[in-house]
Amino acid sequence: MDWLVSTAEFLVNEILSQPAYLIGLITAAGLIALKKPAGQVVGGAIKATLGFLLIGAGATLVVGALAPLGEMIQGATGAHGVIPTNEAIVGIAQEQYGARVAWLMILGFAVSLLLARFTPLRYVFLTGHHMLFMATLLTMVLAIAGQASWAVVLVGGVLLGILLVAMPAFAHPWTKRVTGSDSVAIGHFGTAGYIAAGATGQLVGRRSRSTEEMNLPEGLRFLRDSMVATALSMVLIYLVMALIFLGKVGKEAAFKAFGDHGAAGASGVGDYVMQSVMQGLQFGIAVAVILFGVRTILGELVPAFQGIARKLVPGAVPSLDAPIVFPYAQNAVLVGFISSFTGGLVSLGLLAWIFHPAFGLALVLPGLVPHFFTGGAAGVYGNATGGRRGAALGAFVNGVLITFLPALLLKVLGAFGEENTTFGDADFGWFGTLIGYAAKAGETGGVVLMLLIGAAVLLGAVIFQKRVVDTGWDPGAHRDALPPRREAPALAIASAAAGAPAAYGRITPPRGAPKPPPPPQA
């Protein structure tokens, strides 16, 4: 049996939990199914793998650029509490539950492929690290509730498989609104936040212009370049927070903010200010790398899925990581990040003022990394249905969700709730809390209750797919129905020259956004 455990751990830890390898293998399988030459199969698989590595490299740069800023914000506000970090809590749990996590993840992925093949939910979830995160969460809450090992693996695997096909389905009308295509879905467990952002945009943004329609004065035309606008915005944010932090804690403590990873920190006020500027510029580079990686992966993966659709899962739709939507509304990513972080700060204040004293909920600090990735994606979804107001308020709602939901989740994590970290994205919070309390209903009652919850999610997703997604419902149709805006002749000419749409109707992707080919025929 040891060799089976070792084999399972190898597959999970070294291959399936590495999204770049998984994407490369899926791309190769699709090209083989299309009977492409060996050279094209190898080249396509390598290029798809490199695309995901580019996304990972950009994410690493984002984390590095945001680390000092997070310390400055915490020092300037004096907030202390739990910082949601998926990687951290998963690493802690792996030491105790590694084998069960491995088997649960393998079973969950197999169940998801069966569901994709034999139900209307034709989604193949390819975000390997999020599969690992959810598998770890389910293992933790079931084991902590006292469920037997067989129940942890079997019930948890079924629940994971259901989520892998259900969540992309629930978000798909809004995803299609963003991309303008049915060829790609969102495969990320921040889905509840993206749906909430899209729904918020529908409510508040009926006549709000898109974040991508920025009619700037000639002297500010350079801000139409998203990389420049992102970098400049982050430089300003960094400078403001750096100066506040310096004034509050003094030179000695402030200079240490740049001393991570063996660095000596700032040597003086001038060096401290310029390092803040450099970190803002590095953030702009990181976003550019992520966007290039997204374009690279889409160029290889989506055509390859035609082969998978024909052979394994007719009509298969790849479900990919959150940054896949970033190129479609690049200004909305920055708006979403800032608004989500603001929502996190407001929620932290409510936790400290009301919910911690009254209900004992932990203080959840707004981690910059989850707010950037989920907040940025929420901004894109909110913009697609509600323009600038939708992007800002939709991402704000996401920030509230990823603050309160982790605080609730801590209640079912037992001793792990004292590790000063937890899972950060929205779906971990609501589903983990729900399953955690259900699992406490006893060995038999808990299993029955958890399976009923899973069946309800699956049935709801199937009904939603057939009655909403397949019927072509467009959550932004109200914007398409609005009459054209009346613009002054000069402004209309400038808008046309910049490629801006002339009405409140469908928000077209900016130049350079990936344009997936038509969906494969079943």
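Everything quoted here is computed from the prediction, not taken from an experiment.
No donor-acceptor distance shorter than 3.5 angstrom exists from the side chain of S340 to the backbone of G336, with no hydrogens or angles considered. Looking at E212, its side chain does come within 3.5 Å of a backbone N or O of N331 through a donor-acceptor pair.
Rounding to the nearest 0.5 angstrom, the gap separating the CD1 atom in I402 from the CG atom in D427 is 11.5 Å. Annotation: the span from L408 atom CG to W430 atom CH2 amounts to 13.5 Å, rounded to 0.5 Å. To the nearest 0.5 angstrom, L361 atom CG is 6.0 Å from L351 atom CG. Interatomic distance, CD of E443 versus CH2 of W150, reported as 6.5 Å (0.5 Å rounding).
Note: F109 and F125 fail the aromatic proximity criterion, with ring centroids not under 6.0 Å apart. Here W174 and W473 bring their ring centres to under 6.0 angstrom of each other. When ring centroids are compared, F423 and F189 stay outside the 6.0 Å threshold. Ring centroid separation for the pair H172 and F464 does not come in under the 6.0 Å cut-off.
Judged by distance alone, the side chains of S181 and S183 do bring a donor and an acceptor atom under 3.5 Å apart.
Only one option out of F170, Y381, F373 pairs with Y194 in a ring-ring contact (aromatic ring centres under 6.0 Å, His included); it is Y381. Checking T136, L104, I144, L142 one by one against Y97, the side chain to side chain contact (heavy atoms under 4.5 Å, CB included) holds for a single residue, I144.
In this structure, the side chains of L363 and V82 stay at 4.5 Å or more apart for every pair of heavy atoms. At least one side-chain heavy atom of H130 sits less than 4.5 Å from a side-chain heavy atom of D425. Within the 4.5 Å cutoff, the side chain of S319 has no heavy atoms near those of the L126 side chain.
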